[in-house]
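Below is one structure, written out as C-alpha cells; the observations come after it.
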Amino acid sequence: MAKVLVVGGGGREHAIVHALSKSSKVSEIYAAPGNAGIAKLATCVNIKDTNVSNIVAFAKAEGIDLVVVGPEAALAVGVVDALNEAGIKAFGPTKAATQIESSKSFAKELMAKYNIPTAGYRTFSDYNEALAYVKVNSLPTVLKYDGLAAGKGVVVATTLEMADEALKDMLLDDKFGHGRVVIEEYLEGPEFSFMCLVDNNKVYPLEMAQDHKRAYDNDMGPNTGGMGAYSPLPFITEEDYNYALNEIMIPTAKAMVDMGVPFKGVLYGGLMKTKKGIKVIEFNARFGDPETEVVLPRLESDIYDVFMSIIDGNEPLLRWSDCYTIGIVLASKGYPGDYEKEFVIEGADSDDIYHMGTKIDDKGNLVTNGGRVLFAVAHGASLEEANKKANLLVDSIKCDNLFHRTDIGAKAYKK
C-alpha cells in the first residue's frame with residue numbers, strides 16, 4: 001500500500017486527494033499545506049507548497065511513494081526536480097518544462113516555431129513601446145503579464161484607457177512582479193480546457209471542460225481565476241476534438257522534447273473555437289482549477305495507477321463515466337478585488353463540496369480563508385439536471401459573505 005503526498009491547498013488539490021482516497025493502492029495521504037476540507041481525507045502538514053527543501057525532507061522522512069504537485073508556483077520553483085534528484089517519484093513537469101506556463105513569451109515562441117495555431121502577438125518590456133503598439137493596432141486587444149499571476153494577469157482591453165491602465169500595472173507598478181508583457185490579437189469564440197496526460201512524446205487526453213472566468217452571471221464583471229466549470233462539452237464536435245489533439249496537444253508535447261525540455265505531467269491547453277478554427281489561448285503545466293474538480297469525479301480508473309503509469313513510462317488506463325458534471329464556485333464578496341476573511345461557513349460537509357480557501361478558526365469553526373472559498377459539484381444525466389443539482393447544493397451552504405454564479409453551463413443547454 002502506498003503513501004502519497006499532494007502538494008497544494010486549493011480545490012484542485014482537494015479533488016486530487018478525493019480521487020486518491022478511492023484508490024485501492026493508497027493507504028495514507030498527506031497534503032502540504034492542505035485545507036480544512038482536505039483534512040477530512042488526508043493528514044495536513046504545515047509546509048508551504050513552494051518550500052522545496054521541507055517538502056523533500058518530509059517525503060524522505062515519511063517514506064512517501066508518490067508526490068503529486070498541484071500548483072504552478074510549486075512547479076515553477078522546481079519541486080519536481082528536487083524530488084527526482086532525491087529518488088522520490090513525483091507527478092508533474094520539471095522547472096524547465098513548466099516554462100510553457102510560467103513564461104508566456106516562451107509559450108508563444110514555441111507555438112510560432114512549430115506552427116501551432118495561436119493569436120498573433122508581440123512581447124514588450126518597455127511601457128512606452130507597448131502603449132505605442134496598442135495605439136496603432138485595433139481594439140479590443142489582449143494584454144498578458146509574462147509570468148505567473150494566479151490567473152489574474154490577463155486583461156482584455158476594449159478601450160485605450162483600459163490598455164494603458166493594464167500596461168502601467170504590469171510594466172511600471174510591477175503589480176504581478178517585474179516582467180514583460182505579451183500583447184495578442186483579440187480572438188472570439190467559446191473557450192474550453194483540454195487537459196492531457198503527457199509522457200514526453202506520448203499524449204493521453206482527459207475529458208474536456210469549460211471554465212467560466214467572469215465573476216457574474218451572463219459573463220459579466222471582472223475576470224477571475226474561474227467561477228465554475230462543467231464537463232463534457234456539447235459544442236465540441238469529433239472533428240474539433242481530433243484537431244485539438246492532433247494539431248495542438250501532440251505537436252506541443254513533441255516540440256518540447258525537440259527543444260530539450262521534455263514534459264511529464266498534465267499539459268493544459270486553454271483553447272478557443274474561433275470562426276477560423278481552434279487556436280491556443282494559453283498553456284498551463286498542471287491540472288486546471290476549477291476544471292479538475294469537474295473532470296476527476298468522472299474518472300472511473302484508479303488515479304494512483306494513472307499517475308504511476310505516466311511516471312514509469314506506461315500507457316495509463318482511462319475510463320470515464322458518461323454523466324455530466326457541473327461545479328459552482330462560492331467566492332468571498334469583493335473577489336477578485338479586495339475581500340474580508342474568517343466568515344463562518346455551515347452546511348459544507350458534503351463529499352461533493354471541494355474546499356478552495358477555508359480553514360478552522362480558534363473556536364473550531366469552518367471559516368472563509370481566500371477569494372474562492374468552496375466548489376459545489378453535482379452529477380446529472382444532462383447539463384440542465386447537473387446545474388439544478390449544483391445550485392441546490394450551493395443553497396445548502398450558509399455563509400454571510402459568499403456569492404456565486406447560477407448559470408454555469410447554461411449556454412451549452414439553452415439554445
Side-chain angles (χ1 to χ4, degrees), residues 6 8 10-23 37-38 68-72 91-92 101 151 190-198 203-213 225-236 240-241 244-245 248-249 265-271 281-307 309-310 316-329 351-356 372 374-383 386-387 389-390 393 408-409 412:
V6 175
R12 164 185 47 222
E13 288 76 34
H14 193 168
I16 292 168
V17 167
H18 186 224
L20 284 164
S21 73
K22 295 185 279 188
S23 170
I38 290 172
V68 182
V69 184
E72 58 272 28
F91 180 84
E101 174 171 8
E191 290 188 47
F192 63 101
S193 307
F194 193 12
M195 296 184 285
C196 294
L197 299 170
V198 173
V203 176
Y204 307 102
L206 303 180
E207 290 289 279
M208 290 179 174
Q210 186 180 55
D211 183 13
H212 293 56
K213 288 289 186 191
M227 292 300 294
Y230 69 95
S231 177
L233 308 181
F235 66 89
I236 295 297
D240 294 335
Y241 175 89
L245 180 61
I248 294 175
M249 303 306 291
V266 174
L267 181 63
Y268 167 115
L271 311 179
I281 300 298
E282 66 174 352
F283 283 117
N284 292 332
R286 36 74 194 182
F287 280 112
D289 189 358
E291 296 93 337
T292 302
E293 293 96 306
V294 295
V295 170
L296 288 192
R298 297 185 56 217
L299 180 67
E300 294 179 342
S301 310
D302 188 313
I303 199 167
Y304 177 80
D305 287 341
V306 171
F307 288 144
S309 292
I310 294 298
L317 173 65
L318 296 169
R319 283 195 318 271
W320 302 96
S321 69
D322 59 3
C323 69
Y324 290 87
T325 51
I326 280 183
I328 299 171
V329 170
D351 288 343
D352 294 320
I353 297 172
Y354 295 124
H355 291 229
M356 305 180 97
R372 295 187 299 172
L374 297 167
F375 192 77
V377 181
H379 305 247
S382 67
L383 280 176
N387 179 286
K389 287 182 177 179
L393 188 56
I408 304 303

Quick one: salt bridge (Lys or Arg N to Asp or Glu O under 4.0 Å) partners of [X], sequence neighbours excluded?
| X | answer |
| --- | --- |
| Asp305 | Lys25 |
| Asp240 | Lys273 |
| Arg286 | Glu72, Glu101 |
| Glu282 | none |

A side-chain contact here means heavy atoms from C-beta on lying under 4.5 Å apart; do [X] and [Y] qualify?
| X | Y | result |
| --- | --- | --- |
| Cys196 | Tyr204 | no |
| Leu374 | Val329 | no |
| Ile353 | Phe375 | no |
| Met249 | Pro205 | no |
| Val203 | Leu245 | yes |

Taking Phe287 as the fixed residue, which of Leu206, Val295, Val69 is the one that meets the side-chain contact (heavy atoms from CB on, under 4.5 Å) rule?
-> Leu206
Salt bridge present between Lys389 and Asp352 (N-O < 4.0 angstrom) | no
Please identify each residue that fulfils side chain to side chain donor-acceptor pair (under 3.5 Å) with Asn284, with sequence neighbours left out.
-> none
Minimum-distance pair of heavy atoms, taken over all atoms of [X] and [Y]:
| X | Y | result |
| --- | --- | --- |
| Pro71 | Gly8 | CG-CA, 3.8 Å |
| Gln210 | His212 | O-ND1, 3.8 Å |
| Ile326 | Gly409 | CD1-CA, 4.5 Å |
| Val377 | Leu393 | O-CD2, 3.5 Å |
| Ile16 | Thr292 | CG1-CG2, 4.4 Å |
| Ala378 | Ala386 | CB-O, 3.5 Å |

Just to verify, what does [X] make a side chain to side chain contact (heavy atoms under 4.5 Å, CB included) with, not counting sequence neighbours?
| X | answer |
| --- | --- |
| Ser309 | Asn314, Pro316 |
| Glu291 | Ser193, Met195, Ala209, Asp211, Tyr268 |
| Ser301 | Leu299, Val306, Leu317, Arg319 |

For [X], check ring-ring contact (aromatic ring centres under 6.0 Å, His included) against everything at least two apart and list the hits.
| X | value |
| --- | --- |
| Tyr354 | His14, His18 |
| Phe194 | Tyr241 |
| Phe307 | Phe91 |
| Phe283 | none |

Any side-chain to backbone donor/acceptor pair from [X] onto [Y]? Under 3.5 Å, distance only.
| X | Y | result |
| --- | --- | --- |
| Arg298 | Ser321 | yes |
| Glu293 | Arg12 | yes |
| Arg372 | Met227 | no |
| Ser231 | Val294 | no |

Measure the [atom1]-[atom2] distance between [X] and [Y] for me, rounded to the nearest 0.5 Å.
| X | Y | atom1 | atom2 | answer |
| --- | --- | --- | --- | --- |
| Leu20 | Ile303 | CG | CD1 | 5.5 Å |
| Tyr230 | Ile408 | OH | CD1 | 10.0 Å |
| Leu271 | Glu191 | CG | CD | 9.0 Å |

